[in-house]
Amino acid sequence: MNDTAPVLSVVIPVYNEEDVLPTLFERLYPALDALNRPYEVLFVNDGSRDRSVAMLREQYQRRPAETRVILLQVNFGQHAAILAGFERSRGEYVVTLDADLQNPPEEVGKLLAKLEEGHDYVGTWRTNRQDLWWRRMASKVINAIRERTTPIKMADHGCMLRGYGRQIVDTINATRENITFIPALASIYSSNPVEIEVKHDERVAGTSKYSLYRLIRLTFDLMTGFSTVPLQMFSLVGLVLSALSGALVFYMLARRAILGPEVDGVFTLFAIVFFLLGMTLFGIGLLGEYIGCIYVQVRQRPRYIIGAVLEQSPHAPPAGRE
Ligand code: UDP
Ligand code: MG
C-alpha cells in the first residue's frame, strides 16, 4: 500500500500516553479501515518518558504498512510535534487527532467527507464538552479574547480534531515562523474553510498535559503571534491615561492656588499612582511578549529534533498484515 501516496494522513502527537495508547490503537485502526481509503497514521512521540515509545514500536510492528512513528528527542510541545508530522505526511488530506481519545476517531470520516467535497480546511467545535469546569471557563475567556484581538475566526480553537488539504499543509510547512498554533495559521491560509460539530469525550485515562499556566502562555502566544492589536490598544490606553493624569495635575495645581496647601486626598493620589504603575508594568510585560517572539524567531533554533523514524521505505514491497 505504501508505494502509492495515501489519501489520508492522520497525525497524532503523543506525550506520556501509555495509559491511553492501547485503547487508541483498538479504536483508531478499525475506524480508519472502515473509510476504505489508503491511509497512514503518523504518531509523533513528543519526548515521552513513559512506555509510550515501546508501545508505538509494537504498534508499528503490528501494522507496518499503515503506521509511521516519528520519535522526537525531547518534549517540544504539541504543535511542534504536529508540525513534525505535517512535514513528513504524504497524504492528500491530513487530519490531526489527540491521543487521549477526547476526539473520537470515528469522527474522522466526517472530516474526510468535507475535505473531499473540496474544503481545504475543516475546523470543529465540540458538542457536550467533557472537561473540568475551570478548563471550560478558561476556554471561553480565551476564545473571547482571541476573537476580539486577532483576525482568526473560529468557533472553538481548543479542539484539535481538524482536517487540512495538501496545499494548506505545504504552506504551513513552508512557513518559517515559530508556529505556536497550527489551526489558526491554517484558518488564515484557507480559501474555502468550513466548521463542523464533533463529539467530545472525557480523556479515557492519564491526565491532561496542560496546566493553567500553559494555557495562559498559549493565549499570549496566540495573541502576539497573530495580531499587534494588544500593542496598539496599549498605546491608546496610555494616551487616554496621560490625558486624564494631565487634567488631574491641573486640577491639583488649581486647588493649591485657591485653597493653599492641603494633605487631604494623599491616598487617592497614591491609588492613582499605583494604578498607573501597574499599567506601566503590564505595558512593559506586553512589549516583552513581542520582543520574546522576535527573539525566538531570530535565533532560528530548530523547531523540533527528530531522533528516529520508524517507517517502511516508500518503495518497499507491500508488507503482509498480521
Ligand atoms: N501533547 C504533546 N506534547 C505536549 C503536550 C501534549 O504531544 O507537550 C499531546 C498529548 O499527548 C495529546 C494532545 O497533545 O495527544 C493533547 O494533550 P492533552 O490531552 O493533555 O490536552 P487537553 O486535552 O487537556 O487540552
Ligand atoms: Mg485531552
Side-chain angles (χ1 to χ4, degrees), residues 9-28 41-56 59 67-89 94-105 107-108 123-143 146 154 156-162 178-184 198-219 221-222 303-307:
S9 298
V10 178
V11 173
I12 307 180
V14 177
Y15 179 49
N16 293 342
E17 301 284 11
E18 60 181 5
D19 295 330
V20 297
L21 285 179
T23 330
L24 174 68
F25 299 151
E26 228 167 76
R27 276 177 58 188
L28 178 69
V41 184
L42 273 146
F43 292 102
V44 186
N45 172 58
D46 190 16
S48 303
R49 285 180 297 272
D50 62 357
R51 290 195 55 250
S52 298
V53 176
M55 298 167 97
L56 291 174
Q59 181 61 21
T67 310
R68 299 165 70 198
V69 182
I70 302 173
L71 302 173
L72 301 186
Q73 291 287 44
V74 288
N75 180 247
F76 287 95
Q78 183 184 359
H79 290 266
I82 293 177
L83 206 62
F86 269 21
E87 287 186 349
R88 297 216 150 215
S89 68
V94 178
V95 168
T96 56
L97 202 71
D98 281 353
D100 60 2
L101 287 166
Q102 286 197 283
N103 320 126
E107 301 273 65
V108 172
T124 49
W125 74 85
R126 299 169 274 194
T127 41
N128 185 18
R129 187 169 164 198
Q130 303 289 326
D131 270 318
L132 295 173
W133 66 270
W134 69 266
R135 277 298 297 272
R136 291 203 301 269
M137 278 284 294
S139 288
K140 270 210 183 108
V141 174
I142 296 173
N143 270 318
R146 192 250 319 133
M154 321 182 163
D156 174 12
H157 70 232
C159 184
M160 284 309 287
L161 175 63
R162 284 167 199 275
N178 209 59
I179 305 172
T180 48
F181 201 68
I182 291 166
V198 289
K199 281 209 262 329
H200 190 245
D201 291 327
E202 263 177 70
R203 207 173 218 290
V204 287
T207 50
S208 170
K209 309 293 178 278
Y210 281 95
S211 59
L212 184 59
Y213 171 73
R214 282 186 82 172
L215 280 180
I216 293 175
R217 287 280 356 133
L218 189 71
T219 313
D221 290 344
L222 202 59
R303 295 186 276 200
Y304 55 83
I305 304 167
I306 294 181

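Numbering of ligands and ligand atoms starts at 1, following listing order.
Asp46 OD2, 2.5 Å is the protein heavy atom nearest to atom 3 (N) of ligand 1. The nearest heavy-atom contact from the protein to atom 25 (O) of ligand 1 is Arg135 NH2, 3.0 Å. Nearest non-hydrogen protein atom to atom 20 (O) of ligand 1 is Lys209 N, 2.6 Å. In this structure, the protein non-hydrogen atom closest to atom 9 (C) of ligand 1 is Pro13 O, 3.9 Å. For atom 1 (N) of ligand 1, the closest heavy atom belonging to the protein is Tyr15 CB, 3.7 Å. Of the protein's non-hydrogen atoms, Gln102 OE1, 2.6 Å is the one closest to atom 23 (O) of ligand 1. Looking only at protein heavy atoms, the nearest one to atom 21 (O) of ligand 1 is Tyr210 CD1, 3.3 Å. Asp98 OD1, 3.5 Å is the protein heavy atom nearest to atom 13 (C) of ligand 1.
For the pair Tyr210 and Arg135, the tightest heavy-atom approach, listed with the atom from each and the gap, is CB-NH1, 4.0 Å. Residues Asp19 and Ala205 come closest through the heavy atom pair CB-CB, 3.6 Å.
Using a cutoff of 4.0 Å between basic side-chain nitrogens and carboxylate oxygens, Glu18 and Arg49 are not scored as salt-bridged. Electrostatic pairing of Arg51 and Glu17 does not count as a salt bridge here, judged by no charged N lying under 4.0 Å from a carboxylate O.
Rounding to the nearest 0.5 angstrom, the gap separating the CG atom in Asn75 from the OG atom in Ser48 is 8.0 Å. Note that CZ of Arg162 and CE of Met154 are 5.0 Å apart. Values are rounded to the nearest 0.5 Å. The CG atom of Asp221 sits 8.5 Å away from atom CG of Asn178, with the distance rounded to the nearest 0.5 Å.
The distance from ligand 1 to the heavy atoms of Val14 drops below 4.0 Å at these ligand atoms: 7 (O), 11 (O). Residue contact check: Arg203 has heavy atoms under 4.0 Å from atoms 18 (P), 19 (O), 20 (O) of ligand 1. Residue Gly77 approaches ligand 1 through these ligand atoms, each under 4.0 Å from one of its heavy atoms: 3 (N), 8 (O). Which parts of ligand 1 touch Asn75 is read off a 4.0 Å heavy-atom cut-off, strictly below it: atoms 3 (N), 4 (C), 8 (O).
Under the rule for a ring pair (Phe, Tyr, Trp, His ring centres under 6.0 Å), the partners of Phe86 that lie at least two apart in sequence or sit in another chain are Tyr164.
Neither the backbone nor the side chain of Met160 has any atom closer than 4.0 Å to an atom of ligand 1 (non-hydrogen atoms only). The proximity of Arg214 to ligand 1, defined as any non-hydrogen pair under 4.0 Å, is limited to the side chain. Contacts of Glu17 with ligand 1, taken as heavy-atom pairs under 4.0 Å, involve the side chain alone. In Asn16, neither the side chain nor the backbone holds a heavy atom less than 4.0 Å from any atom of ligand 1.
The shortest distance between side-chain heavy atoms of Val94 and Val11 falls below 4.5 Å. Between Leu97 and Leu28, the closest side-chain pair of non-hydrogen atoms falls below 4.5 Å. You'll find the side chain of Phe181 stays beyond 4.5 Å of the side chain of Gln78, heavy atoms only. Within the 4.5 Å cutoff, the side chain of Val14 has heavy atoms near those of the Leu21 side chain.
Between the side chain of Asp98 and the main chain of Asp100, no donor-acceptor pair closer than 3.5 Å is present.
Remark: Lys209 NZ is packed, more than 12 non-hydrogen atoms of other residues, nucleotides or ligands lying under 6.0 Å away.
Counting only protein N, O or S atoms, the number found under 2.8 Å from the Mg ion (ligand 2) is 2.
Annotation: Asp100 places an N or O atom under 3.5 Å from an N or O atom of ligand 1; distance criterion only. Not a single N or O atom of Ala81, backbone or side chain, sits closer than 3.5 Å to an N or O atom of ligand 1.
Aromatic pair Phe43/Phe25: centroids less than 6.0 angstrom apart.
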